[in-house]
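Before any comments, here is the structure.
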Amino acid sequence: MKVLNIAFDLDGVLVDIMKCFDRIIWEEYQTIQLPVNQFETKTDPYLDEDTIWECIQQAMHRVDEITIYPGATELLEKLYDLTGEPVKIITARHPKSLANVTHKLISERLCTVPYELTLVANGSKAPYLRRYDFMVEDRRRTAFELANLDKKVYLINAYYNQPNKVYPKDHPLIKRISGIHELIPHAEDFVKEI
């Protein structure tokens with residue numbers, strides 16, 4: 001029997017919610033997001049953390065405006081065709097009340113195949129990856145945590161996950177890619193026999 005051996009983060013990997021966030025903060029506050037090399041959001045002019053979080057939640061509710069990354073749907077379809085198994089998506093959601101809009105985004109915009117969604121409010125994604133050897137992620141700290149547990153991580157290259165004081169070099173089990181589309185020709189590598 002063939003099973004999937006890869007799981008996916010959602011935001012920054014399969015979909016781009018931040019373009020929608022950028023539109024909201026410009027429309028409502030005439031401010032822009034500043035590129036930083038950490039997984040955080042800073043704006044100019046300054047918006048406080050509560051306002052930023054409200055805008056992110058607004059963006060999550062604008063399902064029809066969220067960008068699906070090139071190749072995301074194609075890769076998920078190809079993996080499902082190879083195994084007949086639902087694709088695994090693990091994403092952080094605070095609060096979990098965003099579960100319904102997250103399912104709507106995936107089922108109406110991203111996935112044409114069955115999927116299994118795990119929402120992580122706080123904590124690690126590692127417990128949900130026991131049977132998977134591969135993960136596609138965009139957050140550097142999460143990538144290192146998983147690589148230190150012997151998971152092979154594809155890290156989507158982004159301005160916010162560059163080397164820094166905490167992680168000056170990439171882990172040997174982390175491979176940077178420019179986007180999810182790069183994995184399409186390698187779909188069969190993410191299937192295993194059991």
Side-chain angles (χ1 to χ4, degrees), residues 4 6-29 31-36 38-43 46-73 75-77 79-80 85-130 132 135-146 151 153-156 158-161 179-180:
L4 288 179
I6 190 169
F8 302 89
D9 180 37
L10 181 63
D11 305 306
V13 171
L14 300 171
V15 303
D16 183 0
I17 197 168
M18 295 314 282
K19 284 183 184 171
C20 188
F21 168 78
D22 287 341
R23 282 193 299 275
I24 291 168
I25 64 172
W26 179 253
E27 290 166 4
E28 294 188 18
Y29 301 99
T31 190
I32 60 169
Q33 186 177 182
L34 299 172
V36 291
Q38 302 293 317
F39 194 80
E40 62 188 354
T41 302
K42 292 188 178 187
T43 60
Y46 172 81
L47 292 177
D48 63 80
E49 191 174 323
D50 289 340
T51 303
I52 287 172
W53 183 237
E54 285 176 23
C55 292
I56 289 172
Q57 289 189 48
Q58 281 183 49
M60 289 179 183
H61 281 88
R62 293 188 183 184
V63 170
D64 293 336
E65 296 178 37
I66 295 172
T67 303
I68 307 300
Y69 281 119
T73 299
L75 177 61
L76 298 180
E77 288 173 348
L79 290 168
Y80 179 74
E85 183 179 44
V87 293
K88 177 74 170 180
I89 300 170
I90 305 171
T91 192
R93 278 294 177 270
H94 311 288
K96 283 195 172 183
S97 62
L98 294 168
N100 287 340
V101 294
T102 304
H103 275 289
K104 183 177 180 179
L105 169 63
I106 294 169
S107 63
E108 292 182 10
R109 301 278 323 287
L110 173 66
C111 267
T112 59
V113 298
Y115 64 91
E116 178 185 323
L117 175 64
T118 300
L119 301 175
V120 180
N122 289 309
S124 173
K125 293 179 180 178
Y128 308 101
L129 290 168
R130 287 192 180 102
Y132 299 93
M135 176 72 180
V136 186
E137 181 63 56
D138 71 317
R139 191 171 184 182
R140 190 170 177 80
R141 186 178 78 190
T142 304
F144 268 82
E145 175 196 357
L146 297 175
K151 302 294 181 188
V153 182
Y154 288 93
L155 184 63
I156 304 291
Y159 64 84
Y160 55 82
N161 63 24
I180 197 73

Q) Can you tell me how far CD1 of Ile68 sits from CG of Leu14, rounded to the nearest 0.5 angstrom? A) 8.0 Å

Q. From Leu129 CG over to Ile90 CD1, what is the distance, rounded to the nearest 0.5 angstrom?
A. 4.0 Å

Q: Write down the atom of Leu4, the atom of Glu85, and the distance for their closest heavy-atom approach.
A: N-OE1, 2.5 Å

Q.
Measuring only between side-chain heavy atoms, which start at C-beta, is Asp11 closer than 4.5 Å to Asp138?
A. no

Q: May I ask you to test the Leu105-Leu110 pair for a side-chain heavy-atom distance under 4.5 Å?
A: no

Q: Give the C-alpha distance, both sets of side-chain angles, the deciding distance and a yes or no for side-chain contact (heavy atoms from CB on, under 4.5 Å) between Leu98 and His61.
A: CA-CA 8 Å; Leu98 294 168; His61 281 88; 3.4 Å; yes

Q) Hey, what do you get for CG (Asp22) to OG1 (Thr31), rounding to the nearest 0.5 Å? A) 10.0 Å

Q. Taking atom NZ of Lys19 and atom CD of Gln33, what is their separation to the nearest 0.5 Å?
A. 12.5 Å

Q | Evaluation steps, side-chain contact (heavy atoms from CB on, under 4.5 Å), between Met60 and Ile17 | A | CA-CA 7 Å; Met60 289 179 183; Ile17 197 168; 3.0 Å; yes

Q. Which pairs count as salt bridge (Lys or Arg N to Asp or Glu O under 4.0 Å) when at least one residue sits in residues 112-127, sequence neighbours excluded?
A. Asp9-Lys125, Lys88-Glu116, Lys125-Glu137

Q | Contact check, side chains of Thr142 and Met135, non-hydrogen atoms, under 4.5 Å | A | no

Q: Would you check if Thr51 and Tyr29 make a side-chain contact, meaning some heavy-atom pair closer than 4.5 Å?
A: yes

Q) Taking all atoms of both residues into account, what is the closest heavy-atom pair of Ile24 and Ala59, and its distance? A) CD1-N, 3.4 Å

**Q.** Atom CD of Glu27 with >12 non-hydrogen neighbours under 6.0 angstrom
**A.** yes

Q: Carefully, step by step, assess Tyr69 and Val13 under the rule side-chain contact (heavy atoms from CB on, under 4.5 Å).
A: CA-CA 7 Å; Tyr69 281 119; Val13 171; 5.9 Å; no

Q: Report yes if some heavy atom in the side chain of Thr91 is under 4.5 Å from a heavy atom in the side chain of Leu119; otherwise report no.
A: yes

Q: Quick one: pull up CD1 in Ile89 and SG in Cys111 and give me the separation to the nearest 0.5 Å.
A: 4.5 Å

Q: Check for a donor-acceptor pair, side chain of Arg23 on one end and backbone N or O of Glu65 on the other, with a separation under 3.5 Å.
A: yes

Q) What heavy-atom pair brings Phe21 and Ile52 nearest, and what distance separates the two atoms? A) CE1-O, 3.7 Å

Q.
Test your reading of the model: is there a side-chain donor-acceptor pair from Arg109 to the backbone of Ile106, 3.5 Å cut-off?
A. no

Q. Tyr132 and Ala7: which non-hydrogen atoms are nearest, and at how many Å?
A. CD2-N, 4.1 Å

Q.
Show the nearest heavy-atom pair for residues Val101 and Val63, with the distance to one decimal.
A. O-CG2, 3.8 Å

Q: For residues Ser124 and Ala126, report the shortest heavy-atom separation together with the two atoms involved.
A: OG-N, 2.9 Å

Q. Listed by chain and number, what are the ring-ring contact (aromatic ring centres under 6.0 Å, His included) partners of Tyr80, not counting sequence neighbours?
A. none

Q: Flag the pair Arg93 / Leu10 as yes when at least one side-chain heavy-atom distance between them is below 4.5 Å, and no otherwise.
A: yes

Q: Please step through side-chain contact (heavy atoms from CB on, under 4.5 Å) for the pair Phe144 and Val153, ending with a clear verdict.
A: CA-CA 8 Å; Phe144 268 82; Val153 182; over 6 Å; no

Q. How far does CG of Leu75 sit from CD1 of Ile180, to the nearest 0.5 angstrom?
A. 5.5 Å

